[in-house]
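For reference, the structure is listed below as C-alpha cells.
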Amino acid sequence: MPSMESSTAANWKHSFLYLGFLYSLLCFLHNQISHNLLIGHRPVRVKKTSPDLPLRFRSDGTFKILQVADMHYGNGALTRCRDVLDSEFEHCSDLNTSRFLKRMIEAEKPDFIAFTGDNIFGSSSVDAAESLFRAFGPAIESGLPWAAILGNHDQESTMNREELMSFISLMDYSVSQINPSAEDFSDLARGSRKKIDGFGNYDLRVYGAPGSHLANSSILNLFFLDSGDRETVQGVQTYGWIKESQLDWLHGISQGYQDKPPALVFFHIPIPEVRQLWYKNIVGQFQEAVACSSVNSGVLQTIVSMRDVKAVFMGHDHNNDFCGDLENIWFCYGGGFGYHGYGKAGWRRRARVILAELGKGEKGWTGVERIKTWKRLDNDKLSKIDEQLLWEY
C-alpha cells in the first residue's frame, strides 16, 4: 500500500508540473502574439491625409497644379541617366529626378501634384513598391495632396495595373482612386454601365476659396483617365487607348452637373488628333512623332460635346512639351521629367505648372475666371518658359 500511495503522489506531482508547463507556455505564446500580431498592442500604420482636403482654392483666389510627366523611376542611385551630356553622366541617376521634384515643389509651392504616368520604369525596377515609394517620396515628404495615373511602363515590374493603382491609392497624401466609386454612377446621365475599363479613372473636385460663398461648391473638376499600355489590333501591336466605357462615365459625370464648372483632363498616351498640331500654331516644342494608338475611340468628340473641358494634359512623348488647340480645347504635353527616361542631351528635363484663378464679384470670390500654364526647366535658375493663357471666362 505505501508503494501505491507514493506512486499516486508522484503521478499527481508530474501532472501538476505538466499542467504548470502548459500554462506557462500558453502565457508566453499569448504575450508574443499580443505584442506582435494583435492590433491593440502595437501602433497601427494609418495612411496620412492632407489637412487641406478637400481640394480648394486658396484665400487669394488661386489653385496651382504641378504636372509631373514620365519620371521613369528605377532603383534610385543605382539607376543611370539616359540622354544627358557626357559631363553630366558620371554622377547622374534617379536621384536627379528626386532632386528636381523637390526643387519644383519648393519653388512653385503647388496646391496639388498630378503625376501623368510612367511614374516608374518597370523594366528597370527590381521591386515596384520600393520604386513607387522613392518616386513619389518628395511629394509625400511635402505633405501636399497628389494623384497619379498609369502610363505604359509602370506595370512592367512586380505589380499589375490593378495592384499598382491600389497601392498608389493607399500611399500617404495620395488622393488617387482605383476607379470611380459607386456614387459616381448613381447620377450618370447616360446608361447604367458600372463596369469601366482600366484602373485609375476618377474625378477630383476643387472647391471655392475658404470663407467665400462658393466654399462648399465644386468649381473646378480634375478628370483622370487610364489610357492603357499596349494592345494588339488585327495582329498588329499598338498603344492603348481610352475605351467607350470610360468615355460614357466621363460624359455622364459632366452631364450630372447643373452648373458645369470648368474641367481639366489628365491622361498619359496622346490621342491621334494631336498629330494635327504639327500644322498649327503651338506654344513649345514638337520634336518627335506622336506615339498614339492606331485606334481612335472618340476622345476628342466626347470632351468637345461635354462643353466643360478647357485643357488636356498628357505625357508619353518626352521630347514634346507643346500646347496646341484642337476644337477650342488645349492639348498640352508635360515634357520629359525623369532622368532615366529617354530625352535629348542638352535639352533640359522640365515640368509643367497650371494655375487657375478665380474672378471677383460683389460677394467676393466667384467661379474660375482664367487658366494659365508655363513650364520650368531643371537648370540653375529653374527657368520659366512658354507662359500662356489657356482659357478665360
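- For residues 132-149, the set of pairs meeting the side chain to side chain donor-acceptor pair (under 3.5 Å) definition, not counting sequence neighbours, comprises Glu130-Arg134.
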Just do the side chain to side chain donor-acceptor pair (under 3.5 Å) check on Arg376 and Ser383 with the steps written out, would you? CA-CA 5 Å; Arg376 284 196 183 272; Ser383 299; over 6 Å; no
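- Side-chain atoms of Tyr239 and Asp229 include no donor-acceptor pair closer than 3.5 Å.
- Within a 6.0 Å sphere centred on CZ of Arg275, other residues, nucleotides and ligands contribute more than 12 heavy atoms.
- Judged as a side-chain hydrogen bond (donor to acceptor under 3.5 Å, both in side chains), and not counting sequence neighbours, Lys372 has no contacts.
- No single ILVMFWY cluster, assembled from side-chain heavy atoms under 4.5 Å apart, contains both Met314 and Ile269.
- Put simply, the side chain of Lys260 reaches to within 4.5 Å of the side chain of Ser254, judged on heavy atoms.
- Between Arg56 and Phe63, every side-chain heavy-atom pair lies at or beyond the 4.5 Å cut-off.
- Residue Glu90 places its CD atom among 12 or fewer non-hydrogen atoms of other residues, nucleotides or ligands, all under 6.0 Å distant.
- Remark: Tyr393 OH is loosely packed, at most 12 non-hydrogen atoms of other residues, nucleotides or ligands lying under 6.0 Å away.
- A cation-pi contact, defined as under 6.0 Å to the ring centre and within 45° of the axis, is absent between Lys310 and Trp330.
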Evaluate the side chain to side chain donor-acceptor pair (under 3.5 Å) criterion for residues Asp317 and Gln287: first the C-alpha distance (whole Å), next the side-chain angles of each, then the deciding distance (0.1 Å), finally the verdict. CA-CA 9 Å; Asp317 301 328; Gln287 300 184 121; over 6 Å; no
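- Pro180 places none of its side-chain heavy atoms less than 4.5 Å from the side chain of Asp203.
- Checked for salt-bridge contact, Asp378 and Arg103 meet the test: a charged N lies under 4.0 Å from a carboxylate O.
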Test log, rule side chain to side chain donor-acceptor pair (under 3.5 Å), inputs Asn216 and Tyr207: CA-CA 6 Å; Asn216 296 318; Tyr207 291 80; over 6 Å; no
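- A heavy-atom distance below 4.5 Å is found between the side chains of Asp321 and Trp347.
- Looking at Arg161 and Asp154, no side-chain N of the basic residue comes within less than 4.0 Å of a carboxylate O on the acidic one, giving no salt bridge.
- Between Phe133 and Phe167, the ring planes are perpendicular. Angles over 60° get that label, and only those under 30° would be called parallel.
- Hydrophobic cluster membership differs between Trp374 and Ile385, with clusters built from Ile, Leu, Val, Met, Phe, Trp and Tyr side chains linked at under 4.5 angstrom.
- Crowding of Lys64 atom NZ: a count of heavy atoms from other residues, nucleotides or ligands under 6.0 Å exceeding 12.
- Using modelled atom types and a 3.5 Å distance limit, the side chains of Ser98 and Tyr73 yield a donor-acceptor pair.
- For the pairing with Asp226, the side-chain contact (heavy atoms from CB on, under 4.5 Å) check across Gln246, Lys243, Met165 returns one residue only, Gln246.
- Leu95 and Ile120 end up in the same hydrophobic cluster when Ile, Leu, Val, Met, Phe, Trp and Tyr side chains are linked at under 4.5 Å.
- Between Lys109 and Glu106, no side-chain nitrogen of the basic residue sits less than 4.0 Å from a carboxylate oxygen of the acidic one, so the salt-bridge criterion is not met.
- With a 4.5 Å cut-off on side-chain heavy atoms, Asp111 and Arg58 count as touching.
- Arg350 forms no cation-pi arrangement with Phe337, by the criterion of a distance under 6.0 Å to the ring centre and an angle within 45° of the ring axis.
- Donor-acceptor pairing under 3.5 Å is lacking for the side chains of Asp94 and His340.
- In this structure, Phe136 has its ring center closer than 6.0 angstrom to the ring center of Phe115.
- The pair Glu156-Arg230 does not count as a salt bridge, with every side-chain nitrogen at least 4.0 angstrom from each carboxylate oxygen.
- One finds no salt bridge joining Asp83 and Lys344 here, because no Lys/Arg side-chain nitrogen approaches an Asp/Glu carboxylate oxygen to under 4.0 Å.
- Annotation: side chain of Gln177 is not in contact with side chain of Ser169 (no heavy-atom distance under 4.5 Å).
- In this structure the side chain of Leu164 reaches within 4.5 angstrom of the side chain of Leu132, judged on heavy atoms.
- Side-chain atoms of His316 and Asn152 include a donor-acceptor pair closer than 3.5 Å.
- Judged by the 6.0 Å and 45° rule, Arg349 forms a cation-pi pair with Tyr339.
- Formation of a donor-acceptor pair under 3.5 Å by the Thr116 side chain with backbone atoms of Phe267 is not found in this model.
- Residues Leu355 and Ile371 are not in side-chain contact: their nearest non-hydrogen atoms beyond the backbone lie 4.5 Å or more apart.
- Under the rule for a disulfide (SG to SG under 2.5 Å), Cys292 has no partner lying at least two apart in sequence or in another chain.
- In summary, Lys280 and Asp325 do not engage in a salt bridge, as defined by a charged side-chain N under 4.0 Å from a carboxylate O.
- With hydrophobic clusters built from ILVMFWY side chains whose heavy atoms lie under 4.5 angstrom apart, Val68 shares a cluster with Phe266.
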Using the rule given for ring pair (Phe, Tyr, Trp, His ring centres under 6.0 Å), can you reason through Phe322 versus Tyr333, listing the C-alpha separation, both sets of side-chain angles and the distance that settles it, and then say yes or no? CA-CA 6 Å; Phe322 64 83; Tyr333 278 103; 5.1 Å; yes
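- Under a 3.5 Å cut-off, the side chain of Ser131 and the backbone N or O of Gly74 do form a donor-acceptor pair.
- Here the SG-CD1 distance, from Cys323 to Ile282, works out to 9.5 Å after rounding to the nearest 0.5 Å.
- By the rule that hydrophobic residues join a cluster once side-chain heavy atoms approach within less than 4.5 Å of another member, Trp241 and Val312 end up as members of separate clusters.
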Show, in sequence, the C-alpha distance, side-chain angles and deciding distance for Asp386 and Lys375, and conclude whether the salt bridge (charged side-chain N to carboxylate O under 4.0 Å, His left out) test is met. CA-CA 6 Å; Asp386 294 339; Lys375 299 184 295 281; 2.7 Å; yes
